[in-house]
Amino acid sequence: MNHEVLGEIVRENGKSEGVAQVPYQGRTIQFNIAEDEVSYEEAIEIAASAVRQLEQLDARAKVIAAEGLTDGYNDGWNEYDEVQEDGSLLAVSNPELTREEFAAKLTLRSVNVTGNMVDFFYDDENMFWGHWVIVTSMNGVDFSEAYAQIFG
């Protein structure tokens with residue numbers, strides 16, 4: 001299926017989900033689209049709305065992530081032991097980050113639209129040791145009550 005905003009949406013026969021590849025800031029963002037409490041067609045329109053506002057939503061989601069996760073990063077995720085060649089451990093302590101510095105380390109990689117729920121998945125320059133930073137809105141592209149978490 002070709003959509004005017006999302007481009008080609010690849011959907012396996014009979015499945016109520018699809019995948020679109022959307023260009024954004026010199027890279028490709030994968031949009032995974034699935035029905036849930038709304039129809040597949042409505043989920044597509046939520047995804048299209050997200051694409052139309054992607055720059056603003058990305059900026060808003062980064063602020064939400066920074067507000068929700070910077071303190072946790074500064075309270076211990078910035079410290080770890082690194083295994084050396086001889087098997088010994090070297091204590092590493094990265095500097096604490098401001099919210100602005102934290103947000104600057106986030107790069108949007110994919111978006112899930114599951115019914116009316118929208119999740120932004122971020123690469124975080126390994127701040128959380130390989131986990132994803134996810135910002136979730138339970139109300140479509142209205143991120144006024146969205147929240148951030150780490151996953152993986």
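Below, all heavy atoms of this structure are taken into account, side chains as well, without hydrogens, waters or symmetry copies.
Once rounded to the nearest 0.5 Å, the distance linking CD of Gln84 with CG of Leu90 reads 4.5 Å. Taken to the nearest 0.5 Å, the CD atom of Glu17 stands 8.5 Å off from the OH atom of Tyr40. A distance of 5.0 Å separates CG of Leu106 from CE of Met127, quoted to the nearest 0.5 Å. One distance of note links CH2 of Trp77 with CG of Asp124; it measures 9.5 Å at 0.5 Å rounding. To the nearest 0.5 Å, atoms CG (Asn94) and CD (Glu125) are separated by 11.0 Å. Atom CZ in Arg11 sits 10.0 Å away from atom CD1 in Ile33 (nearest 0.5 Å).
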_Would Asp142 and Ser144 count as a side chain to side chain donor-acceptor pair (under 3.5 Å) here? Give the steps._
CA-CA 6 Å; Asp142 177 3; Ser144 64; 2.8 Å; yes
*Quick one: do Asp36 and Glu42 satisfy side chain to side chain contact (heavy atoms under 4.5 Å, CB included)? Show the steps, please.*
CA-CA 10 Å; Asp36 194 32; Glu42 289 172 297; over 6 Å; no
*side chain to side chain contact (heavy atoms under 4.5 Å, CB included) between Thr70 and Thr98: does it pass, once the steps are laid out?*
CA-CA 7 Å; Thr70 302; Thr98 65; over 6 Å; no
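Put simply, the residue from Leu6, Ile29, Ile9, Thr28 that forms a side chain to side chain contact (heavy atoms under 4.5 Å, CB included) with Gln21 is Thr28.
Looking at Val92 and Asp81, their side chains never come closer than 4.5 Å, going by heavy atoms from C-beta outward. Residues Phe121 and Gln30 fail the side-chain proximity criterion, which asks for heavy atoms closer than 4.5 Å. Using a 4.5 Å cut-off on side-chain heavy atoms (C-beta onward), Val133 and Tyr73 make no contact. The shortest side-chain heavy-atom distance between Arg27 and Arg109 falls under the 4.5 Å cut-off. Between Leu57 and Val118, every side-chain heavy-atom pair lies at or beyond the 4.5 Å cut-off.
No continuous path of hydrophobic side-chain contacts links Ile134 to Ile46 [ILVMFWY only; heavy atoms under 4.5 Å]. Phe151 and Trp129 end up in different hydrophobic clusters when Ile, Leu, Val, Met, Phe, Trp and Tyr side chains are linked at under 4.5 Å. Cluster membership check: Val10 does not share its hydrophobic cluster with Val113, using side-chain heavy-atom separations under 4.5 Å among Ile, Leu, Val, Met, Phe, Trp and Tyr. Val135 and Tyr147 sit in two unconnected hydrophobic clusters of ILVMFWY residues. Membership requires side-chain heavy atoms under 4.5 Å apart, directly or through other members. Both Phe120 and Phe128 belong to a common hydrophobic cluster when Ile, Leu, Val, Met, Phe, Trp and Tyr are linked at side-chain heavy-atom distances under 4.5 angstrom.
In terms of heavy-atom proximity, Val141 sits nearest to Ser49 at CG2-OG, 3.6 Å. Annotation for Phe102 and Ala66: closest pair CD2-CA, 3.6 Å, computed over non-hydrogen atoms. The shortest non-hydrogen separation linking Ala34 to Ala43 is O-CB, 3.5 Å. The two residues Leu108 and Tyr122 make their nearest non-hydrogen contact at N-CD2, 3.3 Å.
In this structure, the side chain of Asn74 engages the main chain of Leu97 through a donor-acceptor pair within 3.5 Å. Asp123 contributes no side-chain N or O that, together with a main-chain N or O of Thr107, makes up a donor-acceptor pair within less than 3.5 Å. Judged by distance alone, with hydrogens and angles left aside, the side-chain atoms of Glu145 form no donor-acceptor pair with the main-chain N or O of Met138 at under 3.5 Å. Thr114 contributes no side-chain N or O that, together with a main-chain N or O of Met117, makes up a donor-acceptor pair within less than 3.5 Å. Formation of a donor-acceptor pair under 3.5 Å by the Glu82 side chain with backbone atoms of Ala91 is not found in this model.
The neighbour count for Glu55 CD, taken as heavy atoms of other residues, nucleotides or ligands under 6.0 Å away, does not exceed 12.
Looking only at atom types and distance, the side chain of Asp58 has a donor-acceptor partner in the side chain of Tyr24 under 3.5 Å away. Under 3.5 Å, the side chains of His3 and Glu45 contain a donor-acceptor pair of N or O atoms. Asp86 and Ser88 are linked by a side-chain donor-acceptor pair at a separation below 3.5 angstrom, with hydrogens and angles left out of the test.
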